[in-house]
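Below is one structure, written out as structure tokens, with a few remarks after it.
When reading the values below, keep in mind they use all heavy atoms of this one structure, side chains included, and skip hydrogens, waters and symmetry mates.
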Amino acid sequence: MMRQDNFLHDYSTLPPEAKHQVADFIAFLKTRYGARNGSKKNLNLLMSRS
């Protein structure tokens with residue numbers, strides 16, 4: 001399981017272009033999974049699988 005603090009540290013070390021790609025991917029996931037049961041719940045599920 002990926003912990004939130006590990007994710008934030010990894011994210012903070014990325015170059016700016018990679019951070020934009022992460023933000024784009026999160027936006028994609030919100031459109032794909034967010035409409036079903038709420039984006040926060042599904043994002044937590046995705047994070048726990050990492």
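Here the straight-line distance linking atom NE2 of His9 with atom CG of Leu14 works out to 10.5 Å at 0.5 Å rounding. Atom CZ of residue Arg32 and atom CZ of residue Phe25 lie 8.5 Å apart, to the nearest 0.5 angstrom. From Asp5, atom CG reaches atom CG of Asp10 across 9.5 Å, with rounding to the nearest 0.5 Å. The NZ atom of Lys19 sits 8.0 Å away from atom OG1 of Thr13, with the distance rounded to the nearest 0.5 Å.
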Walk me through it: do Gln4 and Leu8 pass the test side-chain contact (heavy atoms from CB on, under 4.5 Å)? CA-CA 6 Å; Gln4 187 174 2; Leu8 293 175; 4.2 Å; yes
